[in-house]
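One structure below.
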Amino acid sequence: MMTGGHPNSHWRATAKPGAAFAGLDGDRQVDALIVGGGFTGLSTARELSGRGIDCAVVEGQDIGWGASGRTGGFAVPRFKMNYSTLAREHGDEVARGLFAQAVEAVDSVTETVEAYGIDCGFQRNGHLTPAHSRTALAGLQADVDWLRGRAGDRTARMMSREEAAEALGTQVYHGAYLDPRGACLQPYDYTRGLAAALQARGVPVFTASPVEALRRDGGRWLAQTPGGTVRARSVVLATNAYTRPLLPGDDLHRRVVPVASSIIATRPLNSHERQITLPCGLPVTDTRRLVSYFRILPTGQLLFGGRGDITGRRDDPAVFRTLERQLALTYPHLKGIEIQERWAGMVAVTLDSFPHVGRLDDGVFYALGYGGRGVALSSLMGRRLAALVAGETIAPGPMGDSGFDPVPFHAWRRTGMRIMTRYYQVRDLFER
Ligand SMILES: Cc1cc2nc3c(=O)[nH]c(=O)nc-3n(C[C@H](O)[C@H](O)[C@H](O)COP(=O)(O)OP(=O)(O)OC[C@H]3O[C@@H](n4cnc5c(N)ncnc54)[C@H](O)[C@@H]3O)c2cc1C
């Protein structure tokens, strides 16, 4: 399985001191074992402990080592695909359900932060989705219209080209979609704060304990780690882009394509730069196929993220140079600015751009495949996973397990991704 320490991320550099976690030493028995100490695993543990179900979290590296401790930290109440498009493809009722779940997802992060008093710079002031082309702008406008006409929701609104330029401090976008329900947080502090709160409430959280294999042992599952074993009635696989086969016939890892996402953070902006760079201060995720996402950090630095290297190399200097170029295109006055932090992590992409939750085997459940939308949706998936462990059925829909099959030609995924990335780059560049 994967090895290696934490990246030198801004989040690690500014992390608050917190609880320590130990490795699994010896043999244990719980009702539910959660494999993976990121948002998905920890949210599931929170929901299970809230239901009084005895559970433990086992993390192969460290809490927040995966995408959760490296993410931009934007909790976005929309999917990559427009609601109006989802309504055309799946019907109004399904699209209304998806919209409700996207909002529930951000609400559930808010509730967790508040319930456990997690000190993670959580702010819920809104999120901006600016349009990189006229077509994208029309799609966002169609969303606002659909939400008003078909979902009875008047919260999100459009910003004109002029208003968006003023809010963003850049002329490159054609207008923007503002949803005041969006939020952002310091993801490493959130992940570790959540794990510490769970541990303090009696949920064991083990680190440096990779599950090497899962096998049946009487009526239970037995998870083998280097330091000991855990016997459990149910197992939740919360390993997202770092998923490897753990039990016989396990093809979960072939249902997603792991893709790197990378981030740079500038030196702190001076007061003049601060006034003209993203003056509204909201987190931003644009509509490009290869999205750019950015925000001003509490330190006054500009965080700027985008698609990373597709070969799985997370430290490729060329990727960070591409991000610097994209930053300079967005904010020409910051061209050549000193970059203080560079880091990357892996996201899991699915063919339909939806995360999926479901059952892999009797008593083995999973949720993964968030693409770049896991901060909020993983919290929602934690709720769904806890319901499955408790023996409840969850409503079917695009995020369920039907049709979530292995990606065809998975062995060729890198070649395929390389071709698609180039194609998307060209389309993003020439679309006006
Ligand atoms: C650079 C970057 C920026 C992003 N920005 C955003 C954003 O702004 N907004 C947004 O919504 N989403 C964003 N995402 C996506 C989001 O971070 C992820 O979707 C989310 O963190 C997934 O959480 P997770 O818990 O499912 O997976 P992870 O956080 O990746 O956790 C999986 C964990 O499983 C562990 N594991 C794997 N195998 C085993 C095993 N066998 N035994 C024990 N442990 C194991 C790993 O060590 C890992 O810690 C970003 C991702 C990256 C990388």
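Owing to the predicted nature of the structure, the values given are computational and were not obtained by experimental measurement. The figures here come from the full heavy-atom set of this structure, side chains too, leaving out hydrogens, waters and symmetry mates. Whatever order the structure lists ligands and atoms in, that order sets their numbers, starting from 1.
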Give the contacting part of S378 toward ligand 1: side chain, backbone, both or neither, where contact means a heavy-atom distance below 4.0 Å.
neither
Are any of the N or O atoms of V347 closer than 3.5 Å to those of ligand 1?
no
Only heavy atoms count here, so choose which of T207, T40, L214 is nearest to atom 24 (P) of ligand 1.
T40
Side chain, backbone, both or neither: which part of A238 has a heavy atom under 4.0 Å from ligand 1?
backbone
Within a radius of less than 6.0 Å around CZ of R231, do more than 12 heavy atoms belonging to other residues, nucleotides or ligands occur?
yes
Which atoms of ligand 1 are found less than 4.0 Å from any heavy atom of G36?
33 (C), 34 (O), 35 (C), 44 (N)
State whether a side-chain donor-acceptor pair under 3.5 Å links R46 with T112.
yes
Are S9 and E341 linked by a side-chain donor-acceptor pair shorter than 3.5 Å?
no
Quick note on ligand 1: atoms under 4.0 Å from a heavy atom of V58 include exactly 43 (C), 44 (N)
Testing the 3.5 Å rule here: is there a donor-acceptor pair between the side chains of D286 and Y173?
yes
Consider only side-chain N and O atoms of S49 and R201, and report whether a donor and an acceptor are under 3.5 Å apart.
no
Consider every N or O of V211 and every N or O of ligand 1, then say whether any pair is closer than 3.5 Å.
yes
Is there a nitrogen or oxygen of G37 sitting under 3.5 Å from a nitrogen or oxygen of ligand 1?
no
Run the numbers for me: atoms of ligand 1, each under 4.0 Å from some heavy atom of M346, listed by number.
53 (C)
Y293 and G72 have their tightest heavy-atom pair at CE1-CA, 4.3 Å
For Y177, is the NZ or CZ atom of R157 found under 6.0 angstrom from the centre of its six-membered ring and inside 45 degrees of the ring axis?
no
For G41, is at least one N or O under 3.5 Å away from an N or O on ligand 1?
no
Counting from 1 in the order shown, the ligand 1 atoms closer than 4.0 Å to a non-hydrogen atom of Q61 are 47 (O)
Could you state the interatomic distance from CG (L388) to OH (Y366), rounded to the nearest 0.5 Å?
9.5 Å
For the 3.5 Å polar cut-off, considering only N or O atoms, please tell me whether E59 and ligand 1 meet it.
yes
Answer yes or no on whether R192 is positioned over the face of W11, meaning its NZ or CZ is under 6.0 Å from the six-membered ring centre and within 45° of the axis.
no
Among I63, I34, T285, T71, closest by any non-hydrogen atom to atom 4 (C) of ligand 1
T71
Hey, is Y293 touching ligand 1 through its side chain, its backbone, both or neither, going by heavy atoms under 4.0 Å?
side chain
Consider side chain to side chain contact (heavy atoms under 4.5 Å, CB included). Of I296, D179, L128, which one does L282 pass it with?
L128
Could you tell me which atoms of ligand 1, counted from 1 in the order shown, lie closer than 4.0 angstrom to a heavy atom of G60?
43 (C), 44 (N), 45 (C)
Please determine, by modelled atom types, if D143 and S84 share a side-chain donor-acceptor pair under 3.5 angstrom.
yes
Is there a donor in the side chain of R12 and an acceptor in the side chain of Y188, or the other way round, less than 3.5 Å apart?
yes
Do T40 and Y370 get their side chains close enough for a donor-acceptor pair, meaning under 3.5 Å?
yes
May I ask you to check if ligand 1 and G372 share an N or O to N or O distance below 3.5 Å?
yes
Of all the atoms in ligand 1, which lie at a distance below 4.0 Å from a heavy atom belonging to P210?
42 (N), 43 (C)
Distance-only N or O hit between ligand 1 and V375, under 3.5 Å
yes
Using a strict 4.0 Å cut-off to heavy atoms of G73, name the atoms of ligand 1 that fall inside it.
7 (C), 8 (O)
Look at atom 23 (O) of ligand 1 and find which of G38, S68, P355 reaches it with the closest heavy atom.
S68
Quick one: look at R244 and ligand 1, take heavy-atom pairs under 4.0 Å, and tell me if it's side chain, backbone, both or neither.
neither
If you count every heavy atom of other residues, nucleotides or ligands that lies below 6.0 Å from K335 atom NZ, does the total exceed 12?
no
Counting heavy atoms only, which of T243, N240, V76 is nearest atom 27 (O) of ligand 1?
N240
Distance under 4.0 Å to a non-hydrogen atom of Y242: what atoms of ligand 1 satisfy this?
30 (O), 37 (C), 38 (N)
Region of Y370 engaging ligand 1 - heavy atom pairs below 4.0 Å:
side chain
Closest by any non-hydrogen atom to atom 15 (C) of ligand 1: pick that one out of G369, G371, A67.
G371
Report yes if some N/O of G72 lies less than 3.5 Å from some N/O of ligand 1; otherwise report no.
yes
N/O donor-acceptor pair under 3.5 Å between T85 side chain and M81 backbone:
no
